[in-house]
There are 2 protein chains.
Amino acid sequence: MKIKKAVDALTALAQKSRLEVFRLLVPRGEEGLAAGEIAEQLTIAPATLTFHLKELCHAGLVASHREGRSIIYSLRPDGIRDLMEFLSEDCCQGQPHLCQPAMSNSCREKKAKKRPKQATTK
Amino acid sequence: MKIKKAVDALTALAQKSRLEVFRLLVPRGEEGLAAGEIAEQLTIAPATLTFHLKELCHAGLVASHREGRSIIYSLRPDGIRDLMEFLSEDCCQGQPHLCQPAMSNSCREKKAKKRPKQATTK
DNA sequence: CTATTATTTTGATAATTATAGAATTATGAA
DNA sequence: TTCATAATTCTATAATTATCAAAATAATAG
C-alpha cells in the first residue's frame with residue numbers, strides 16, 4: 001500500500017460521522033446495512049450521509065449494492081486490513097512494541113475461541 | 001480510547017506531510033529528529049512544518065523537547081499503539097480476519113528472530 | 001550587547017471539507 | 001400510470017485546513 005492510498009483511508013476514517021459509520025458496519029459483516037438505516041441510527045441527514053459514504057467507498061473501505069429500493073453498504077475487508085498492515089509495517093520498523101499490544105488484547109483472545117469461518121457467501 | 005481521541009489521531013495521520021513526518025520519526029526512536037532536519041529532509045517550509053508538528057503533538061502521537069537551540073521531535077509510543085488498538089478492537093468485533101494479516105506479515109517475523117531488545121542506546 | 005541560528009507565531013490567502021434543503025433518479029406497489 | 005419510498009445529485013454556505021512570508025522568540029557564540 002502506497003502512501004497516497006493510506007492517506008485516503010486515514011482521511012476516510014478521520015471524521016466522527018464516518019468513523020461511526022465504519023464502526024456500525026463492522027459487526028454487520030457481509031450483511032451490511034441500508035443507507036436509510038445508517039442515517040437513522042446515527043441521525044445524519046440523507047444527503048450528508050451520502051457524502052460520507054462516498055468518501056468511505058472511494059477510500060476502498062466500503063462497498064455498496066442495490067437491493068430493491070435500498071442501497072446496502074458493507075465493509076470491504078481488504079480495505080481496513082491493508083491500512084492496518086500499512087501502519088503495522090511502519091510501527092514495526094525496529095519498534096515492534098509500537099503495534100504489538102493491539103493484537104494481544106483484542107484479536108488474539110477472540111481468535112482463540114475458534115475462527116468464525118468467514119462465510120464466503122459472496 | 002474513545003472516538004474523539006481516535007479521530008484526532010487519524011486526522012493527524014491523514015495528511016501526506018504529517019504521515020511522512022511520522023514515518024520519518026519511526027526509525028529514529030527515542031533519539032528523535034530536530035525540526036530543522038525534518039523540514040530539510042521533507043522539504044517543507046519551517047512555518048508549515050511547525051503547523052503539522054503541532055497537530056501530531058496535539059493528537060498525542062509525537063512529543064518534543066528543546067536541546068540547545070533545536071527542538072527535537074520524537075514518537076510517543078503510546079500514541080500510535082493506542083490507535084492501533086482502537087482500530088483492532090473494531091475490526092475484531094467478530095471479524096478477526098480483518099486485522100489479523102497485518103500482524104503476521106510485518107511484526108511477527110521481526111519479533112520471531114528474537115526480540116531486538118529495543119536498543120536503549122539513548 | 002550584537003549577531004547568528006533554530007523554531008514558532010502571526011496574519012493573510014487559497015483550497016478543501018462538511019452540512020443540508022431542494023430537485024432528481026430509481027424501484028416497487030396499487 | 002400514479003403514488004410512495006429510498007437514495008443521490010445539485011447547489012449554496014459555513015467552517016476548517018494547509019500554506020508560507022514576515023515578524024517575533026529563544027538559545028548560544030563572539
Side-chain angles (χ1 to χ4, degrees), chain A residues 3-25 28 31-76, chain B residues 3-25 28 31-76:
Chain A
I3 201 158
K4 173 71 164 59
K5 213 185 141 206
V7 168
D8 285 348
L10 287 164
T11 300
L13 295 177
Q15 205 277 344
K16 189 160 176 289
S17 297
R18 288 197 296 265
L19 186 53
E20 281 171 354
V21 169
F22 174 82
R23 285 157 67 80
L24 193 60
L25 292 182
R28 310 295 303 212
E31 282 281 305
L33 209 53
E37 292 263 357
I38 301 175
E40 195 189 8
Q41 291 209 38
L42 302 179
T43 40
I44 299 175
T48 304
L49 180 64
T50 296
F51 167 82
H52 288 310
L53 287 171
K54 215 188 283 180
E55 284 272 286
L56 287 165
C57 285
H58 173 258
L61 293 172
V62 158
S64 70
H65 69 276
R66 182 176 279 277
E67 216 163 275
R69 14 190 168 184
S70 297
I71 293 187
I72 310 296
Y73 286 87
S74 59
L75 281 199
R76 236 175 52 79
Chain B
I3 201 158
K4 173 73 166 60
K5 213 186 141 205
V7 168
D8 285 348
L10 288 164
T11 300
L13 295 177
Q15 205 277 347
K16 189 161 177 290
S17 297
R18 287 196 297 264
L19 186 53
E20 280 171 354
V21 169
F22 174 82
R23 285 158 67 81
L24 192 60
L25 291 182
R28 310 295 302 213
E31 282 281 304
L33 210 53
E37 292 262 357
I38 301 174
E40 195 188 9
Q41 291 208 39
L42 303 179
T43 41
I44 299 175
T48 305
L49 180 65
T50 296
F51 167 81
H52 288 309
L53 287 170
K54 215 188 283 182
E55 284 272 286
L56 287 165
C57 285
H58 172 257
L61 294 172
V62 157
S64 70
H65 69 275
R66 183 176 278 278
E67 215 163 275
R69 17 191 166 182
S70 296
I71 294 187
I72 310 295
Y73 286 87
S74 58
L75 282 198
R76 235 175 53 80

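FYI, side chains are in, hydrogens and waters are out, and symmetry mates aren't considered; it's all heavy atoms of this structure. First the proteins, then the strands, lettered A, B, ... as listed; each starts at 1.
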Contact under 4.0 Å: B:Gln15 side-chain N or O vs C:dT17 OP1/OP2: no

B:Arg28 side chain to B:Leu75 backbone, donor-acceptor under 3.5 Å: no

B:Tyr73 and B:Glu37, any side-chain heavy atoms less than 4.5 Å apart: no

Spacing of A:Lys54 atom NZ relative to C:dT17 atom P, expressed in whole Å: 13 Å

Atom pair distance, as rounded to whole Å: NE2 in B:His58 and P in D:dA18: 13 Å

Separation of atom CG in B:Leu19 from atom P in D:dT17, rounded to whole Å: 18 Å

OP1 or OP2 of C:dA18 under 4.0 Å from side-chain N/O of A:Lys16: no

side-chain N/O B:Arg18 vs D:dT17 OP1/OP2, d < 4.0 Å: no

B:Glu20 and B:Leu42, any side-chain heavy atoms less than 4.5 Å apart: yes

Selection: residues 62-75 of chain B, any non-hydrogen atom under 4.0 Å of DNA chain D: B:Arg66, B:Gly68, B:Arg69

Sub-4.0 Å heavy-atom contacts from residues 34-51 of chain A onto DNA chain C, ordered by number: A:Ala45, A:Ala47, A:Thr48, A:Phe51

Set of salt bridge (charged side-chain N to carboxylate O under 4.0 Å, His left out) partners for A:Lys54, sequence neighbours left out: none

Whether over 12 other heavy atoms sit under 6.0 Å from A:Gln41 CD: yes

